[in-house]
Chemist: 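Sharing a structure with you now.
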Amino acid sequence: MRNLLRKYKELSFEQKTLYKTIIGLCFSTVLACGKLVIGLFTDYNMISIAVYTFGILFAKLECVLGIKPNKRTFKQRNILIAVFLFIASVFYIGFMVRMFFIERKLKDNGMIYVLLLAFISFVELGFAITGLFRIKNKGHYYRNIKIINFCVALIAILTTQMSILNMQSETNTINIANAYSGIGVGCFIALCGVYILFAPKISIIGREHNVFELFEKDKNKLINMEKDTVELPLCHSTVYGSYVYRAIVIDGIIDGHIERNKSLWKRMHLFWKIICCILSEILLFVWLIGRLLFFFRSINLPKRLERKMNNNGFIKVGE
C-alpha cells in the first residue's frame, strides 16, 4: 500500500488526473447502470437521472480517449464533448421542469444522511474548484475534464440543497424552489458545453507561442527592433494577473509567448491572505464577478495580438 501511495505521489498532475478520471468513470458507470435498471422497473424518474449521467460520462470518456493519439481529430472529439455535455444539461433541465407540474412526495432522509451528503458534496466541489485553478497550460482535454467535474459537483451541491430543504418543509412549494435552482444549474452546464465548443478558438491554450516578422518598417511604431527583448501588454489586471507578450528579437523576427503575470493572491503576504480568508464570504462574490469580467476582457488574445502586430507592419509566420 505504501509503495502504491509513493508511486501515486510521484505521478505528474496530468497522470493523476487521468487515473482519477478513469476510476471515477468506472464507478459512475456502475451507478448510472443501476439507476437505469431501477428506472425501468420501479421509478421512471431514475431514467432521466441515468440519461443525463450517461451524457456527462460520455463527455468525460471522450476527454480520456482524446489524451492519447487516436483516429479522431481534436476538433471531432471537442465537438462530441460539447454535445454530450449539452445533451446532459437539457435532460437535467427537463427533469427539474417536471417539478412545476408534478407534486413530488418529500422524503425526510434524516440529519446524519444530510450531513454526510453535504460533507461529500462540498469536498467534491472543493476539489473541482482546486482542479480548475491547476489546469493552466495543461491542454484542452484536461481543462474539459475539470470543467465537467465542476458541473458534477454543482449537481451534488444541488442534491444536498434539496435534501436540506425537504427537512425544513412539508409543502410542495419547496419543490418549486428546487426546480428553479436545478434549472439554473442546468443552464450553467449548457453554457459550459457551449464554452468547450468554442474554447479552442478563443482561449490561449495551445496558442501561446507566436512568431512575427517585420515586413513594413515604416508602419512599425510598436517595437524597438534594436532591443533584444520585447514585452507588450495585452490585458491589464492588478488583481488577476496581467497578460503580456514576451519575446526575443532576432534578425527582424519576433519570437515569444503570451504569458500571465502573478495574481495579487500569489504576490500577497501570508498575513493578508489570512485576512482575505476571514473575509471570504464578503470578498468571494466580488472576486467571482471581477474574474468573469476579466475572462471576457481576455477572450481571444492571440487574435488580438496578431491584429495589433499587423497594424504595425508585422506578419505572423508561425506558432
Chemist: Closer than 3.5 angstrom, by distance alone: can the side chain of R246 be matched with the main-chain N or O of L232 as a donor-acceptor pair?
Modeler: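 Side chain of R246 to backbone of L232, a donor-acceptor pair under 3.5 Å: no, none is there.
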Chemist: List the steps and the verdict of ring pair (Phe, Tyr, Trp, His ring centres under 6.0 Å) for Y240 and W287.
Modeler: CA-CA 9 Å; Y240 305 104; W287 184 89; 5.8 Å; yes
Chemist: Taking the side chain from N210 and the backbone from E208, do they hold a donor-acceptor pair closer than 3.5 Å?
Modeler: yes
Chemist: With a 4.5 Å cut-off on side-chain heavy-atom distances among I, L, V, M, F, W and Y, is there a chain of contacts connecting I202 to L197?
Modeler: yes
Chemist: Would you say the side-chain atoms of Q76 pair up with the backbone N or O of T73, donor to acceptor, closer than 3.5 Å?
Modeler: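 Yes: the side chain of Q76 pairs with the backbone of T73.
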Chemist: Under the side chain to side chain contact (heavy atoms under 4.5 Å, CB included) rule, what do C63 and I81 come out as? Steps first, then yes or no, please.
Modeler: CA-CA 7 Å; C63 294; I81 294 167; 3.5 Å; yes
Chemist: Got R267 and N261 here, is their nearest side-chain heavy-atom distance under 4.5 Å?
Modeler: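 The answer is no; the side chains never approach within 4.5 Å.
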Chemist: Aromatic rings F294 and Y243: how do their planes relate, parallel, tilted or perpendicular, breaks at 30° and 60°?
Modeler: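 Judged by the thresholds at 30° and 60°, the geometry between F294 and Y243 is parallel.
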Chemist: Can you hop from F74 to L85 via hydrophobic side chains spaced under 4.5 Å?
Modeler: yes
Chemist: How long is the straight-line distance from CD1 of I145 back to CD1 of I148, given to the nearest 0.5 Å?
Modeler: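 If we round to the nearest 0.5 Å, I148:CD1 and I145:CD1 are 7.0 Å apart.
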Chemist: To the nearest 0.5 Å, tell me how far I275 CD1 sits from L270 CG.
Modeler: 10.5 Å
Chemist: Spell out, as yes or no, whether a donor-acceptor pair under 3.5 Å connects the side chain of N312 to the backbone of K308.
Modeler: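 Looks like yes, one N/O pair under 3.5 Å.
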Chemist: How close do G186 and S89 get, counting heavy atoms only, and between which atoms?
Modeler: O-CB, 3.3 Å
Chemist: Before giving the answer on ring pair (Phe, Tyr, Trp, His ring centres under 6.0 Å), spell out for F84 and F58 the whole-Å C-alpha distance, their side-chain angles and the decisive distance to 0.1 Å.
Modeler: CA-CA 6 Å; F84 282 134; F58 281 130; 5.4 Å; yes
Chemist: Among the clusters formed by ILVMFWY side chains lying less than 4.5 Å apart, do M225 and M309 turn up in the same one?
Modeler: yes
Chemist: Going through the checks in order, is the ring pair (Phe, Tyr, Trp, His ring centres under 6.0 Å) test met by F295 and Y195?
Modeler: CA-CA 12 Å; F295 167 77; Y195 170 73; 5.6 Å; yes
Chemist: Starting from the C-alpha separation in whole Å, work towards a yes-or-no answer on side-chain hydrogen bond (donor to acceptor under 3.5 Å, both in side chains) for N300 and K201.
Modeler: CA-CA 7 Å; N300 210 2; K201 298 181 180 179; over 6 Å; no
Chemist: Restricting to non-hydrogen atoms, name the atom on I93 and the atom on C187 that form the minimum distance, rounded to 0.1 Å.
Modeler: CD1-N, 3.7 Å
Chemist: Closest approach of P200 and R207, non-hydrogen atoms and distance?
Modeler: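 It is O-CD, 3.6 Å.
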Chemist: At their closest point, which heavy atom of M268 faces which heavy atom of C276, and how far apart are they?
Modeler: SD-SG, 3.9 Å
Chemist: Would you please test K60 and N144 for side-chain hydrogen bond (donor to acceptor under 3.5 Å, both in side chains) and show each step?
Modeler: CA-CA 8 Å; K60 196 178 290 189; N144 292 345; over 6 Å; no
Chemist: Spell out, as yes or no, whether a donor-acceptor pair under 3.5 Å connects the side chain of H269 to the backbone of F271.
Modeler: yes
Chemist: What closest approach, in Å, do L214 and K217 show between heavy atoms, and which atom pair accounts for it?
Modeler: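 Shortest heavy-atom contact: CD2-CG, 3.7 Å.
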Chemist: Apply the side-chain contact (heavy atoms from CB on, under 4.5 Å) test between C235 and each candidate in V244, L301, I258; give the one that qualifies.
Modeler: L301
Chemist: Is atom CH2 of W265 surrounded by more than 12 heavy atoms (other residues, nucleotides or ligands) closer than 6.0 Å?
Modeler: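 Atom CH2 in W265 is crowded, with more than 12 foreign heavy atoms closer than 6.0 Å.
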Chemist: Let me check something: do Y245 and I248 share a hydrophobic cluster, defined by ILVMFWY side-chain heavy atoms less than 4.5 Å apart, either directly or through other members?
Modeler: no
Chemist: State plainly whether one hydrophobic cluster holds both F95 and F188, where clusters connect Ile, Leu, Val, Met, Phe, Trp and Tyr through side-chain heavy atoms under 4.5 angstrom apart.
Modeler: yes
Chemist: Would you give the length of the straight line joining atom CD1 of I196 to atom CG of L80, rounded to the nearest 0.5 angstrom?
Modeler: 12.0 Å
Chemist: May I have the step-by-step check of side chain to side chain contact (heavy atoms under 4.5 Å, CB included) for F314 and I254, ending in yes or no?
Modeler: CA-CA 9 Å; F314 291 86; I254 311 295; 3.7 Å; yes
Chemist: Can you confirm whether more than 12 heavy atoms, excluding those of N224, are under 6.0 Å from its CG atom?
Modeler: yes
Chemist: Taking atom OH as the centre, does Y180 end up with more than 12 heavy-atom neighbours from other residues, nucleotides or ligands that are less than 6.0 angstrom away?
Modeler: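 Result for OH/Y180: open.
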Chemist: Does atom NZ of K303 have more than 12 heavy-atom neighbours, drawn from other residues, nucleotides or ligands, at distances under 6.0 Å?
Modeler: no
Chemist: Which atoms form the tightest heavy-atom contact between S237 and R297, and what is the distance?
Modeler: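 For S237 versus R297, the nearest heavy atoms are CB-NH1, 4.5 Å.
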